[in-house]
Number of protein chains: 2
Amino acid sequence: MAQPAATTLLVWTRLLHAADLAGQHCADALRNVGLPPPEWYDVLLALERGGAQRPRDLQAALGKEQYALSRLVDRMVKARLLARTPCPTDARGHTLTLTIEGLAMRAAMWPVYAEAIERALGARVDEEDRAALARLLAPLAEPLGA
Amino acid sequence: MAQPAATTLLVWTRLLHAADLAGQHCADALRNVGLPPPEWYDVLLALERGGAQRPRDLQAALGKEQYALSRLVDRMVKARLLARTPCPTDARGHTLTLTIEGLAMRAAMWPVYAEAIERALGARVDEEDRAALARLLAPLAEPLGA
DNA sequence: GGCTTTTTCATGCCGATGCATCGAAAGACC
DNA sequence: GGTCTTTCGATGCATCGGCATGAAAAAGCC
């Protein structure tokens, strides 16, 4: 059995705790003003940047499970932020497009989201440390090899 | 509106992604061998280290919501890993104690958990970078001020 | 003591997630 | 073309989490 080093365990607890705090803070900030959760923002942004996309592309881009994305899209379609249109080249799937309301929602969410990120991260770590963190976290944000 | 710096956004995405990957990897490792999820380990460890404790103490120590801990304890009691005994000094609550099986379960989980942590973290960052990460993450693992 | 407020823990309800599976279309192979 | 395998997306079922509330004991206050 591989016994992790003390620093490994320290990084472990702090990484999970920090991510939980930051994520929770953002989710709360959005909820407190009656806006949808962060994951909705990610979908809206991906579609705005990348144009119409199919569910499986979004799934890969966002790193979500297939069923999770399927139901997330369901909710967002019900909320009139997305529209499903038949896919011309593959009758199994469909393409997802932003509605006007979806575009407006992303714009409305960003200031709140940005402010929360700034408070949770930017205001607590100076530029030099942020650069160091970004560099050190890079390998950990890559998928683990088999 | 506070526009976060580019490094802030980079840290943001990598922090959340890294934590998600690492956490998922550990949860999967335990599940793949038929063991309970990491949160059970945290409870077992806290009780083993700190002796009998009341739910509200565990709640504070683990940073969980009250109802979440209440139901988590429920499941672990059903699984015979914990026992609730009446609290002598406060009839509202009870003290939680590890059963023999609970003690054994923690011991059984640790090698798998440790191995997963090592693979997800220790093996991917050298000692110097781990120390730097631990230092940089420290402020972010502290609760945000009001 | 008698009253109000606070703390401690559980739970009903609903929405979200994980898992397995399914139907249907596409692609591969002959 | 015909058949088998793979990909795409949805969904039934059970579990889990969030929110609000409830019940009961403790603590504070007069």
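Here the structure is a predicted model, which means the values were calculated and not measured. In the text below, chain A, chain B and the rest are named by the order of the sequence lines, each starting its count at 1.
- Distance CG (L96(A)) to C1' (dA10(D)): 13 Å, rounded to an integer number of Å.
- Considering only the side chain of D90(B), dA26(D) comes nearest among dG9(D), dC9(C), dA26(D).
- For the atom pair CG (L98(B)) and CG (L45(B)), the distance works out to 9.5 Å, reported to the nearest 0.5 Å.
- What separates CH2 of W40(B) from P of dC16(D) is a distance of 8 Å, to the nearest Å.
- For the pair A91(B) and S70(A), both in contact range of DNA chain D, the more 5′-proximal nearest nucleotide belongs to S70(A).
- Here R84(B) reaches the OP1 or OP2 of dA10(C): one of its side-chain N or O atoms lies under 4.0 Å away.
- With rounding to whole Å, R92(B) atom CZ is found 8 Å from dT6(C) atom C1'.
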Atom pairs under 3.5 Å: protein N/O with N/O of nucleotides 17-22 of chain C:
| unit_1 | atom_1 | unit_2 | atom_2 | d |
| --- | --- | --- | --- | --- |
| dT17(C) | OP2 | R75(A) | NH2 | 2.7 |
| dG18(C) | N7 | R71(A) | NH2 | 3.4 |
| dG18(C) | O6 | R71(A) | NH2 | 2.7 |
| dC19(C) | OP1 | R31(B) | NE | 3.1 |
| dC19(C) | OP1 | R31(B) | NH2 | 3.2 |
| dC19(C) | N4 | R71(A) | NH2 | 3.2 |

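- Note on residues 81-98 of chain B: pairs passing salt bridge (Lys or Arg N to Asp or Glu O under 4.0 Å), not counting sequence neighbours, are R54(B)-D90(B), D74(B)-R84(B), D90(B)-R92(B).
- Protein atom CG of L82(B) is 14 Å distant from nucleotide atom P of dC9(C), rounded to whole Å.
- Atoms CG (D74(B)) and C1' (dG12(C)) sit 14 Å apart, rounded to a whole Å.
- Under the 3.5 Å distance criterion, with hydrogens and angles disregarded, a donor-acceptor pair is assigned to the side chains of E127(B) and T7(A).
- Residues meeting the salt bridge (Lys or Arg N to Asp or Glu O under 4.0 Å) test with E39(A), sequence neighbours left out: K64(A), R75(A).
- Atom-to-atom, CZ of R54(A) to P of dA10(D) comes out at 11 Å; the value is rounded to the nearest Å.
- R106(A) has a carboxylate O that lies under 4.0 Å from a charged side-chain N of E48(A), or vice versa, which qualifies the two as a salt bridge.
- In this pair, Y113(B) and Y41(B) present their aromatic rings perpendicular. The plane angle is above 60°, beyond the 30 to 60° band.
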